[in-house]
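All figures in this text were calculated on a predicted structure; none of them were measured in a lab.
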Amino acid sequence: METQHKRSAFSGKLGFVLSAAGASVGLGNIWRFPYLAAKYGGGIFLLVYILLAVTFGYTMIIAETALGRMTRKSPVGAYSHFGKGKGLAFGGWINAVIPILIVPYYSVIGGWVIHYLAQYLTGHGSALASDGYFSGFISNGLLAEIAFLLFTFITLGIIFAGVRNGVERVSKVMMPVLVVLSVVIAVYSVTRPGALAGVKYFLVPNPANFSWMTVVSAMGQMFYSLSIAMGILVTFGSYMKKNVSIEQSTENVEIFDTAIAIMAGLMIIPAVFAFSGGDPDTLQAGPALMFITIPKVFASMGMGTAVGVLFFVLVLFAALTSSIALTESAVSTFEDELGWDRTRSTILIGCIMITLGSLSALGYGPLASVTVFGMQFLDFFDFLTNSVMMPIAAIATCLLVSRIVGVEKIEEEVTQEGQPFRRKPVFNFMLRYLCPIFAAIILASSVANALGWIAM
């Protein structure tokens with residue numbers, strides 16, 4: 001049934017670019033990208049990631065944005081616009097459900113960032129560098145829950161304000177500040193004694209560091225970082241005006257996102273090198289790099305508290321812009337499919353966020369003994385969405401465009417009002433052949449690794 005509420009819209013190209021870039025530039029860039037790059041080969045990981053971003057990533061961003069603008073619908077409506085078959089319904093709903101499952105646990109990590117920022121602001125930054133601080137904090141159910149709820153209510157407050165007054169306005173403020181802060185901290189990091197070795201490790205490809213997991217990890221990171229297969233780009237595309245160039249706008253988003261990921265690597269990896277002397281074990285810290293290793297690095301620096309404040313303000317802004325986008329995608333789905341207004345839809349996603357997010361927030365403390373397939377709740381939701389659902393959603397989008405909608409229809413949407421489609425051959429080849437194969441490889445590799453880990 002068609003809903004009658006008026007469709008929201010971005011004010012223009014800048015509104016779309018900054019909002020979509022805000023969706024992409026989040027914890028995936030600041031938290032996830034540096035530790036994966038450090039763990040899987042530095043410069044060679046960066047090279048593989050960039051190659052995938054300008055081929056696979058470019059293709060999926062164009063396809064999803066065009067589908068959204070073509071149909072003026074969120075993912076479920078966009079898929080059902082082309083037919084009522086069960087396959088189409090499945091493809092639409094899996095794209096729609098992903099952000100609903102991601103934003104609760106994402107908000108838990110956002111709460112951790114708020115807590116760390118508060119510690120630096122109140123002069124307790126040195127405590128963060130002590131052994132066991134992070135594990136002690138996340139195992140304290142009350143502290144973790146309060147931080148999570150604070151982050152959640154900030155996100156919901158912005159969503160209540162609407163697309164232009166909330167999502168777009170906040171992105172226009174936060175994104176320029178985020179860029180400035182990333183440059184300042186990166187410059188400070190790379191000028192530390194011993195940091196140049198880290199710069200070389202991160203920027204110069206070394207084939208000796210290449211492995212199959214370099215490719216798999218880079219592909220997985222590309223999904224997470226570019227907001228592919230989350231329904232976000234379909235939703236934001238539905239808010240895009242017809243006179244805005246899809247290709248130019250999405251290229252700007254991709255450049256912005258990749259640049260921030262590189263800046264994040266320059267902020268963190270050289271600093272860790274300087275702190276540890278390039279110790280491989282320190283570089284292999286993984287997800288703990290930002291919450292355990294980086295506070296130790298800041299504590300060893302002059303002006304460590306000031307740098308800590310700037311760094312976690314940057315991370316908080318990045319986390320908020322992405323959580324806003326994830327929540328907006330979910331709210332748009334409820335508005336379209338339930339016919340509800342923004343207020344009721346936001347309240348519903350708020351209830352879901354608090355319920356599922358509390359499981360993740362308490363999963364390392366009071367609920368530590370409760371696991372799903374041997375994983376804590378946060379780890380399980382992360383695995384389910386990023387390693388299973390997102391590759392399936394990407395395959396569904398490729399099949400929808402190549403087999404049902406037709407690449408020609410996407411071309412018509414991209415070339416509205418005489419706008420060019422310069423990289424059409426790349427788009428056609430990637431969408432028809434390589435994108436589904438890449439997505440299937442991510443799915444198979446991730447599930448195989450997870451099953452092997454669970455069996456241990």
Side-chain angles (χ1 to χ4, degrees), residues 26-28 30-32 35 99-159 224 285-296 298-299 308-309 311-324 326-327 330 349-386:
L27 292 174
I30 312 297
W31 168 57
R32 205 169 187 262
Y35 82 69
I100 297 173
L101 294 180
I102 288 179
V103 74
Y105 81 78
Y106 193 97
S107 298
V108 172
I109 303 172
W112 297 350
V113 174
I114 286 180
H115 177 81
Y116 269 57
L117 175 59
Q119 293 298 99
Y120 276 110
L121 287 171
T122 56
H124 298 100
S126 59
L128 302 176
S130 61
D131 292 335
Y133 182 90
F134 179 63
S135 60
F137 161 60
I138 63 173
S139 64
N140 184 316
L142 180 61
L143 285 178
E145 181 72 7
I146 290 173
F148 153 66
L149 290 175
L150 180 57
F151 185 90
T152 299
F153 289 135
I154 293 173
T155 299
L156 292 174
I158 295 168
I159 293 297
Y224 201 100
L289 195 63
M290 190 169 78
F291 294 106
I292 297 177
T293 308
I294 286 299
K296 293 180 184 293
F298 290 162
V309 169
F311 178 78
F312 280 100
V313 166
L314 183 156
V315 178
L316 178 60
F317 277 18
L320 276 172
T321 54
S322 285
S323 70
I324 290 165
L326 289 162
T327 309
I349 186 59
C351 293
I352 294 172
M353 287 170 69
I354 292 171
T355 301
L356 296 184
S358 293
L359 293 176
S360 295
L362 303 175
Y364 298 99
L367 299 180
S369 61
V370 182
T371 61
V372 183
F373 299 116
M375 293 178 272
Q376 305 293 345
F377 284 109
L378 190 151
D379 300 316
F380 170 71
F381 285 127
D382 181 62
F383 166 74
L384 177 64
T385 53
N386 287 283

Any chance you could measure [X], atom [atom1], to [Y], atom [atom2], to the nearest 0.5 Å?
X: Leu149; Y: Ile354; atom1: CG; atom2: CD1; answer: 6.0 Å
X: Ile294; Y: Tyr116; atom1: CD1; atom2: OH; answer: 11.5 Å
X: His115; Y: Phe137; atom1: NE2; atom2: CZ; answer: 4.5 Å
X: Ile146; Y: Leu150; atom1: CD1; atom2: CG; answer: 9.5 Å
X: Ile158; Y: Ile324; atom1: CD1; atom2: CD1; answer: 3.5 Å

Do [X] and [Y] have side-chain atoms, one donor and one acceptor, less than 3.5 Å apart?
X: Tyr133; Y: Gln119; value: yes
X: Tyr364; Y: Asp379; value: yes
X: Ser358; Y: Glu145; value: yes

Identified side chain to side chain contact (heavy atoms under 4.5 Å, CB included) partner of Val313 from the options Leu121, Val113, Leu117: Leu117
Qualifying residue, where the test is side chain to side chain contact (heavy atoms under 4.5 Å, CB included) with Thr327 and the options are Ile100, Ile349, Ile352: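 Of Ile100, Ile349, Ile352, side chain to side chain contact (heavy atoms under 4.5 Å, CB included) with Thr327 is met by Ile349 alone.
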Ignoring hydrogens and angles, tell me if any N or O in the side chain of [X] forms a donor-acceptor pair with the backbone of [Y] under 3.5 Å.
X: Thr321; Y: Ala318; answer: yes
X: Thr155; Y: Phe151; answer: yes
X: Asp382; Y: Leu378; answer: no
X: Tyr105; Y: Gly357; answer: no
X: Ser322; Y: Ala319; answer: no

Provide the closest heavy-atom pair for [X] versus [Y] in the form atom of the first, atom of the second, distance.
X: Pro99; Y: Pro104; result: O-CD, 4.4 Å
X: Val103; Y: Met353; result: CG1-CG, 3.6 Å
X: Gly132; Y: Ser135; result: O-OG, 3.1 Å
X: Phe377; Y: Val372; result: CE2-CG2, 4.0 Å
X: Ala129; Y: Lys296; result: O-NZ, 2.8 Å
X: Gly141; Y: Leu362; result: O-CD2, 3.5 Å

Begin from the C-alpha positions of Ser323 and Ser107 and carry the test side-chain hydrogen bond (donor to acceptor under 3.5 Å, both in side chains) through to its verdict. CA-CA 7 Å; Ser323 70; Ser107 298; 5.4 Å; no
Assess whether side-chain contact (heavy atoms from CB on, under 4.5 Å) is satisfied between Val370 and Leu359, documenting all intermediate values. CA-CA 10 Å; Val370 182; Leu359 293 176; over 6 Å; no
Quick one, Phe381 with Ile102, criterion side-chain contact (heavy atoms from CB on, under 4.5 Å). Give me CA distance, side-chain angles, the key distance, then yes/no. CA-CA 7 Å; Phe381 285 127; Ile102 288 179; over 6 Å; no
Run Phe311 and Met290 through side-chain contact (heavy atoms from CB on, under 4.5 Å) and show every step you take. CA-CA 10 Å; Phe311 178 78; Met290 190 169 78; 3.8 Å; yes
Do Trp112 and Phe134 make the cut of ring centroids closer than 6.0 angstrom? yes
Could you check Phe291 against Ile109 for side-chain contact (heavy atoms from CB on, under 4.5 Å), going step by step and ending with a plain yes or no? CA-CA 10 Å; Phe291 294 106; Ile109 303 172; 4.1 Å; yes
Taking the side chain as every heavy atom from C-beta outward, state whether Tyr120 and Phe298 have any atom pair closer than 4.5 Å.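 Heavy-atom side-chain distance check passes, below 4.5 Å.
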